[in-house]
Number of protein chains: 2
Amino acid sequence: MSGEHGVPSRPSRRITASDVARLAGVSRSAVSRALTPGASISEKTRDKVMAAAAELGYQPNLMARSLMTRQTRLIALVMAQLRNPFFTDMLGMFNRHFQERGYQTLLLAVEGAQGVDEVLESVFQYQPDGAVLVSCSPSLALAERCVRDGMPLVVIDRGADTALDGIASHVWIRSDRLGLEIAERLLAEGRRRVALIEGYAGEPLSERARCFMERMLRAEGVSVQVEYGQYSYAGGYAAGLRLLRSASPPDAVFCIADPMALGVVDAARLELGLRVPEALSVIGFSDIPAAAWRSHALTTARLPIAELVSHAADALLQRVESPDTPAQTLLLDCPLIPRGTTLPQP
Amino acid sequence: MSGEHGVPSRPSRRITASDVARLAGVSRSAVSRALTPGASISEKTRDKVMAAAAELGYQPNLMARSLMTRQTRLIALVMAQLRNPFFTDMLGMFNRHFQERGYQTLLLAVEGAQGVDEVLESVFQYQPDGAVLVSCSPSLALAERCVRDGMPLVVIDRGADTALDGIASHVWIRSDRLGLEIAERLLAEGRRRVALIEGYAGEPLSERARCFMERMLRAEGVSVQVEYGQYSYAGGYAAGLRLLRSASPPDAVFCIADPMALGVVDAARLELGLRVPEALSVIGFSDIPAAAWRSHALTTARLPIAELVSHAADALLQRVESPDTPAQTLLLDCPLIPRGTTLPQP
DNA sequence: AAGCGTTTTGCACGCGCGTGCAATTTTAGC
DNA sequence: GCTAAAATTGCACGCGCGTGCAAAACGCTT
């Protein structure tokens, strides 16, 4: 027994159940049983074990335990766009949900070249009990393997891809209604020269943008132009300037993310001296905290983050704890929040 | 061999090294060795094993592996204030650093009643190779146990607490210089009626606020009043109104967090019609993205997040990989970024 | 006090893996 | 072609833990 007391010698072995057993004068199985709620053990020995465990500061090794129990109480959280503050919000909420129900969060970021499949494969080594995928979806083959191997999946922000239906649960927003509502709001204001600001030129249009466009193009005498603002304030500011200085400046802009919308508002007001909302309506998406600031008072659609997260977490843990639960799909509405960058509704 | 092909039957056992060995026609040790870089194995068998592994989609079970290797390649990230966007920024960066060097991030939030020690104890069960503590520090006893058991610690934002010196590494900012520089900047502008906006009334003053106060109180004919803004825009807005409507309104405000500073600016300009910076100087702290927005152009001190994180990650992994490295302390400077809410320096 | 049923306990095994050691094969040397 | 050295392989063990099973201890009745 080296370094049992006093100076911390070498990386002295961590305390194991055997150490506790020895100190308590019982068998190692007794220690196991003392820590297992339903197990068959007398009050007396349990107390002895607990006392010894407390004295040694014993913590069971979950890695070893998981070998037997076949569950790690680990949930993998795979996120693309970890830089986006709106996603890190979700992260905190997910973590809280999981922690409350006795699970820990293993964080994985999908960045740059390495694909979702690659990351997911590597997480696999930790044998998490389930995984949440945010803004990224794996190949069908891999998803099937995950589910077959007892690792349920829930996907958030998967877009219109329906290949995973029935395999992975899916929680996201009703983009169709959202795009429609925003389009009609602008039309009702009498706007006819409309602009849409998307994220990046290379990527396919987001669902909400697509539905917005669809409705707009159905309207008569309406023109729609598209710009790109990289999801950022600066990008939105620049895109706003390009649009408003062009030959046919818009009288309404829908930005698929709030930071870009705030940039457009500032470009219009502070750089060009335009009046918002009189000369230009601006609508964003997400309802980030800054959207409510008095300086901007941005009209935007609220992304119900808390609800999304709590539904996704529930759906996942449900399947983790009773594997026969089928995968479900849930779509939530995004209420439009009228503030000061659109005209008051008649 | 059930469900080897076709319908996913019951939670069919995950693929193990034995399965691979059987398919490759070698012993299980051979599989182990094929996957261990330096191991003694012929090119031929390695190829056979790799082929079989690929065919079965084999992923080694890290839990089992960690039992032998005594390392999990897991780093625990313990954060208080996970709601604070500035901290979630760090989170993403940490994760990236760890992932790049082959470690995964186990996320832990310290919230409400449950203390750091409690959380840290529970993480212990996962035997992480190291831990980062953000805005929270454990008891000395627990920290000692962590280090003794081979789990190095690095603490960020620990404040002035020096009890852990030599046990846990420490990376944070030079609050003393920061407070001093901001105070002197405002004094140089000729401000004499100064206000400080802190987070919460109950908590002890933050380091930077304390140093700021110290300098101010040394100056002649300067009065300092303190308000509280809960670290938020709304809180800062309200605090700003209280100050500016009082009998002795300040002509300069230092807010220990940017969101509050932005609230003060808006309260002054938009609600009270004051001119910033002519009638009121405002300085914040962090340099969040919104501070650079044209609408506010907030003068603030930049918290060097990327540098903090990269130094902290390096310090930690260094100790993880060679346990004899001593704990170190590193303090970084926060450059003051003059923008539009302070007077141009003479 | 003996008999029976009911806890409680310890033993032994295996979860999936890495690794020392001895047996085996391959290679080199003459 | 034969032997010694080197490379490769399989066996067996243990990492820390949960759990079925049979032995032991206990409680109760007659």
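Chain A is the first sequence line, chain B the second, and so forth, proteins listed ahead of strands; every chain is numbered from 1. The structure presented is a predicted model; accordingly, all values stated were derived computationally and were not measured.
- Comparing A/K44 and B/P60 by the nucleotide of DNA chain C that holds the closest heavy atom to each, the one mapping nearer the 5' end is A/K44.
- Residue contacts for B/R70: at a heavy-atom cut-off of 4.0 Å it reaches the sugar-phosphate backbone alone, with no base atom in range.
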- Task: Verify side-chain contact (heavy atoms from CB on, under 4.5 Å) between A/V154 and A/V132, making sure each step is shown before the conclusion.
- Result: CA-CA 5 Å; A/V154 51; A/V132 180; 3.8 Å; yes

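- Across all strands, B/S40 comes closer than 4.0 Å to base atoms (heavy-atom distances).
- The closest donor-acceptor contact from the side chain of B/T105 to the backbone of B/L107 lies at 3.5 Å or more, if one exists at all.
- Mapping B/A64 and A/S29 onto DNA chain D by nearest heavy atom places B/A64 closer to the 5' end of the strand.
- Taking for each of B/N61 and B/R33 the nucleotide of DNA chain C with the nearest heavy atom, the 5'-most of the two is the partner of B/N61.
- At a threshold of 4.5 Å between non-hydrogen side-chain atoms, the residues B/L133 and B/L120 count as touching.
- The residue A/T16 sits close only to the backbone: its heavy atoms come under 4.0 Å of sugar-phosphate atoms, none of a base.
- Among the atoms of the strands shown, only primed sugar atoms or phosphate atoms (P, OP1, OP2) are found under 4.0 Å from some heavy atom of B/S42.
- No side-chain heavy atom of A/Q127 sits less than 4.5 Å from a side-chain heavy atom of A/L74.
- Under a 3.5 Å cut-off, the side chain of A/D129 and the backbone N or O of A/T72 do form a donor-acceptor pair.
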- Report the C-alpha separation of A/R22 and A/D19 in whole Å, then their side-chain angles, then the decisive distance to 0.1 Å, and conclude whether the salt bridge (charged side-chain N to carboxylate O under 4.0 Å, His left out) test is met. CA-CA 5 Å; A/R22 204 174 313 124; A/D19 300 323; 3.6 Å; yes

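- Side-chain atoms of A/L142 and A/V116, non-hydrogen and from C-beta on, never get closer than 4.5 Å to each other.
- The pair B/R101-B/D314 counts as a salt bridge, with a side-chain nitrogen and a carboxylate oxygen less than 4.0 angstrom apart.
- Of all nucleotides in DNA chain D having an atom under 4.0 Å from a heavy atom of chain A, the first and last in 5' to 3' order are D/dG16 to D/dG20.
- Taking the screw axis at each terminus of the helix from C/dA1-D/dT30 to C/dC30-D/dG1 from five consecutive base pairs, the angle between the two is 40° to within rounding of 10 degrees.
- Of the possible polar contacts, none joining the B/R46 side chain to the B/I41 backbone as a donor-acceptor pair under 3.5 Å is found.
- Counting any heavy atom pair closer than 4.0 Å across all strands shown, A/T45 reaches sugar-phosphate atoms only and no base atom.
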